[in-house]
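Take a look at the structure set out below.
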Protein chains: 2
Amino acid sequence: MNKQKRKSLERKGWKLGSAEEFLGLSKEESAYIELKMKLSANLKKLRSEKKLTQIELAKVIKSSQSRVAKLETGDPSVSLDLIIRSLLALGTSNKDIARAISS
Amino acid sequence: MNKQKRKSLERKGWKLGSAEEFLGLSKEESAYIELKMKLSANLKKLRSEKKLTQIELAKVIKSSQSRVAKLETGDPSVSLDLIIRSLLALGTSNKDIARAISS
DNA sequence: TGACAATATGTCATATCTGACATATATTTA
DNA sequence: TAAATATATGTCAGATATGACATATTGTCA
């Protein structure tokens, strides 16, 4: 992960820890963030393919427009659980989720 | 999902909702539970391959023995986030996680 | 351009997950 | 077998994620 990317993540509120910690943990940490980002992007893509608004998707997953926006923009307050539940609610199979992670 | 399996999950505290809801949501719900189960099983396998005790793994992921036990037994109080973070901490790659989900 | 629809951002009370602890129940080893 | 080690289960105060709301920003189309 380059400096710019890191800065961008930090602006969004990702806590990347001190320099040492960052270096020490970067592998897991960045893999985790990358995973979330990939699945978020997938969700956004899927929603737009289905021509749903964020409000409509929110109803499907019993959440709110603002949370859907956060889901899609990779807000750090959003859990993997919610991202994956949302994907499943849109009919994504476990195999498709695996594909998204591998891509 | 058969009745027996469902009973087993309910005993563990999974909230599967009323009969109607259960029928209505089973696809997403069971896919989600299945996902967690698969990754939990993977974590357990990985730890035993590395010959770590739960206490040792707990130190690695900065948690406790009891939470590791819950992670591995599919306790409903455990989030996907924690399962995946733990896998990553043990050196599992995103691709391997994808493989585990697909299997 | 302006009005309208869609998306993003900030905040907060409540719900859910967390590590930690105690303790119960296996499982191993002497 | 008993003692030691490992794992499972129950509980809870504190931490984090949640839906909901207000409001800001962006995009679209007349």
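Lettering follows sequence order; numbering is per chain, from 1. On a predicted model such as this, the values are computed, not experimentally measured, just so you know.
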Could you give the [atom1]-to-[atom2] distance, from [X] to [N], as a whole number of Å?
X	N	atom1	atom2	answer
Leu82(B)	dA15(D)	CG	P	17 Å
Lys51(B)	dT7(D)	NZ	P	12 Å
Leu43(A)	dA8(C)	CG	P	11 Å
Asp81(A)	dT16(D)	CG	P	16 Å
Arg85(B)	dA15(D)	CZ	C1'	13 Å
Arg67(B)	dC12(D)	CZ	P	15 Å
Asp75(B)	dT16(C)	CG	P	15 Å
Lys62(B)	dA20(C)	NZ	P	11 Å

Looking only at heavy atoms, the pair that brings Lys50(B) and Leu90(B) closest together is NZ-O, 3.0 Å
Do side-chain atoms of Lys44(A) reach the backbone of Thr73(A) as a donor and acceptor pair under 3.5 angstrom? no
Side chain to side chain donor-acceptor pair (under 3.5 Å) filter on Ser79(A), not counting sequence neighbours, yields none
Side-chain donor/acceptor contact of [X] with base of [N] under 3.5 Å:
X	N	answer
Ser64(B)	dC21(C)	no
Ser66(A)	dC21(D)	yes
Lys70(B)	dG19(C)	no

Any Leu46(B) side-chain heavy atom under 4.5 Å of Glu49(B) side chain: yes
Between Ile83(A) and Val68(B), name the one whose nearest nucleotide on DNA chain D is closer to the 5' end. Val68(B)
Verify side-chain hydrogen bond (donor to acceptor under 3.5 Å, both in side chains) between Asp75(A) and Ser77(A), making sure each step is shown before the conclusion. CA-CA 5 Å; Asp75(A) 190 288; Ser77(A) 81; 2.9 Å; yes
I'd like a list of close polar pairs between nucleotides 3-7 of chain C and the protein, N/O only, cut-off under 3.5 Å.
| from | atom 1 | to | atom 2 | distance (Å) |
| --- | --- | --- | --- | --- |
| dT7(C) | OP1 | Arg47(A) | NH1 | 3.0 |
| dT7(C) | OP1 | Arg47(A) | NH2 | 3.4 |
| dT7(C) | OP2 | Gln54(A) | N | 2.8 |

Hydrophobic cluster membership, with links at side-chain heavy-atom distances under 4.5 Å among I/L/V/M/F/W/Y: are Ile55(B) and Ile61(B) in one? no
Roughly what angle, to 10°, lies between the helix axis at the start of the helix from dT1(C)-dA30(D) to dA30(C)-dT1(D) and the one at its end, five pairs per end? 50°
Asp81(A) vs Tyr32(B), test: side-chain hydrogen bond (donor to acceptor under 3.5 Å, both in side chains). Steps then yes/no. CA-CA 9 Å; Asp81(A) 288 68; Tyr32(B) 174 70; 2.5 Å; yes
Spacing of Asn94(B) atom CG and Leu88(B) atom CG [to the nearest 0.5 Å]: 6.0 Å
Should Glu72(B) and Arg47(B) count as an ion pair when the cut-off is N to O under 4.0 Å? yes
